[in-house]
Number of protein chains: 2
Amino acid sequence: MPTMSSTPAPLPTPLTIGALARQTGVKIPTIRYYESIGLLPEAPRTGSNRRTYEDGSVRRLRFIRHARELGFEVEAIRQLLSMADDPGQPCREADLLARTHLAEIESRIARLEALRDEVRRMVEGCAQDQVRSCHVIEVLADHAHCLHDSH
Amino acid sequence: MPTMSSTPAPLPTPLTIGALARQTGVKIPTIRYYESIGLLPEAPRTGSNRRTYEDGSVRRLRFIRHARELGFEVEAIRQLLSMADDPGQPCREADLLARTHLAEIESRIARLEALRDEVRRMVEGCAQDQVRSCHVIEVLADHAHCLHDSH
DNA sequence: TCTTGATCCTCCAGTCGCTAGAGGATCTAG
DNA sequence: CTAGATCCTCTAGCGACTGGAGGATCAAGA
């Protein structure tokens with residue numbers, strides 16, 4: 001049982017910004033930054049002007065962090081958050097957002113793979129000799145060595 | 001012999017910054033930016049203070065552009081350029097730089113692929129119904145839905 | 001009670017690699 | 001001679017933070 005003492009009053013001790021940072025892995029200045037751009041609501045303050053948070057903040061910030069890690073831009077996250085705040089809405093928008101994002105990830109992967117092939121070719125041609133005959137420098141100096149025009 | 005008086009000297013008409021931009025595909029403000037950070041040397045000026053370039057500048061700028069397209073950072077390019085300027089040196093450094101870069105590209109690809117899988121799962125789980133049951137929001141709200149911790 | 005060190009606050013500046021705009025000078029073609 | 005293209009410098013902005021200065025406040029130990 002997750003009772004932590006005999007008294008059943010789990011009154012939620014507000015978190016400091018440092019505790020919030022530790023629980024979410026988001027750095028303190030970043031938390032303040034998110035507040036400043038309106039991704040996080042303005043945190044209530046103590047008498048001595050320190051920000052206080054509750055468990056809801058932890059969830060919201062984790063949501064943000066997770067979305068950022070997944071490569072969503074702040075603007076997209078703003079939209080996702082407002083959807084998450086309003087769970088009766090149809091989720092076509094969230095779905096569209098995610099699908100758009102997926103397409104972008106896939107194109108990024110494709111471009112990186114082309115790029116990896118170029119750099120790999122570059123590295124493999126290097127005889128570790130002299131710059132004069134260095135494939136790396138040579139390839140960089142002349143696009144004609146490349147397989148693709150696209151980059 | 002490169003005497004320049006009586007012979008039909010192909011004296012190189014200096015390029016304007018606009019011509020250089022057209023020949024390399026690098027925008028004019030970017031060229032000036034490269035000069036300001038020392039990637040390009042300070043261009044000699046005409047009497048009316050306009051920058052002049054020669055074919056060497058075209059090659060150098062193409063080198064820079066190509067390296068940027070391949071994802072090298074400016075600092076790395078700075079090193080590559082100084083190596084290219086000094087072709088008697090062993091090229092271990094250039095090779096190392098490129099190999100480091102390759103490793104980074106590969107790790108980026110791996111992370112993006114993990115990410116793609118997450119987002120794909122996210123999208124596929126969406127029933128286009130309500131946010132309440134929307135997989136996208138749910139996954140973002142809880143990292144535990146993810147396959148990987150790494151992102 | 002005092003003191004020390006940790007934590008917090010605000011504000012400002014810097015990061016990277018450009019990009020854009022203001023406001024003005026100069027070139028080139030007709 | 002004039003119109004429009006091109007150039008110049010300088011400054012500020014982008015996105016998403018990150019770091020530091022300088023100062024207030026808190027919690028714990030002597």
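To find a chain, count down the sequence lines: A is the first, B the second, and so on, and within it residues start at 1.
- For the segment residues 40-51 of chain B, the set of residues with a heavy atom within less than 4.0 Å of an atom of DNA chain C comprises B/Ser48, B/Arg50, in numerical order.
- Between A/Glu106 and B/Arg120 a salt bridge is recorded (basic side-chain N to carboxylate O distance below 4.0 Å).
- Protein chain A contacts DNA chain C over a range whose 5' and 3' limits, counting nucleotides with an atom under 4.0 angstrom from a non-hydrogen atom, are C/dT7 to C/dT10.
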Next item on the list: Kindly determine whether A/Val74 and A/Ile64 satisfy side chain to side chain contact (heavy atoms under 4.5 Å, CB included), including the steps that lead there.
Entry: CA-CA 8 Å; A/Val74 164; A/Ile64 294 169; over 6 Å; no
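- Comparing B/Thr52 and A/Glu73 by the nucleotide of DNA chain D that holds the closest heavy atom to each, the one mapping nearer the 5' end is B/Thr52.
- Between B/Arg60 and B/Leu39, the shortest heavy-atom distance links the atoms NE-O, 3.4 Å.
- Minimum interatomic distance between B/Gln23 and B/Leu15 (heavy atoms only, all atoms of both residues): NE2-CD2, 3.7 Å.
- Using a cut-off of 4.0 Å between Lys/Arg side-chain N and Asp/Glu carboxylate O, B/Glu35 and B/Arg51 are scored as salt-bridged.
- Here A/Arg59 does not pair with A/Asp55 in a salt bridge; the nearest charged N to carboxylate O distance is not below 4.0 Å.
- Minimum interatomic distance between B/Ile28 and B/Ala21 (heavy atoms only, all atoms of both residues): CG1-CB, 3.8 Å.
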Item checked: side chain to side chain contact (heavy atoms under 4.5 Å, CB included) between B/Tyr53 and B/Thr16, worked out -> CA-CA 6 Å; B/Tyr53 299 92; B/Thr16 64; over 6 Å; no
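- Residues of residues 18-39 of chain B that place a heavy atom closer than 4.0 Å to DNA chain D, in numerical order, are B/Gly18, B/Ile28, B/Arg32.
- The heavy-atom pair separating A/Leu61 from A/Thr24 by the smallest distance is CD2-OG1, 3.5 Å.
- Nearest heavy-atom pair across A/Phe72 and A/Ala76 is CD2-CB, 4.1 Å.
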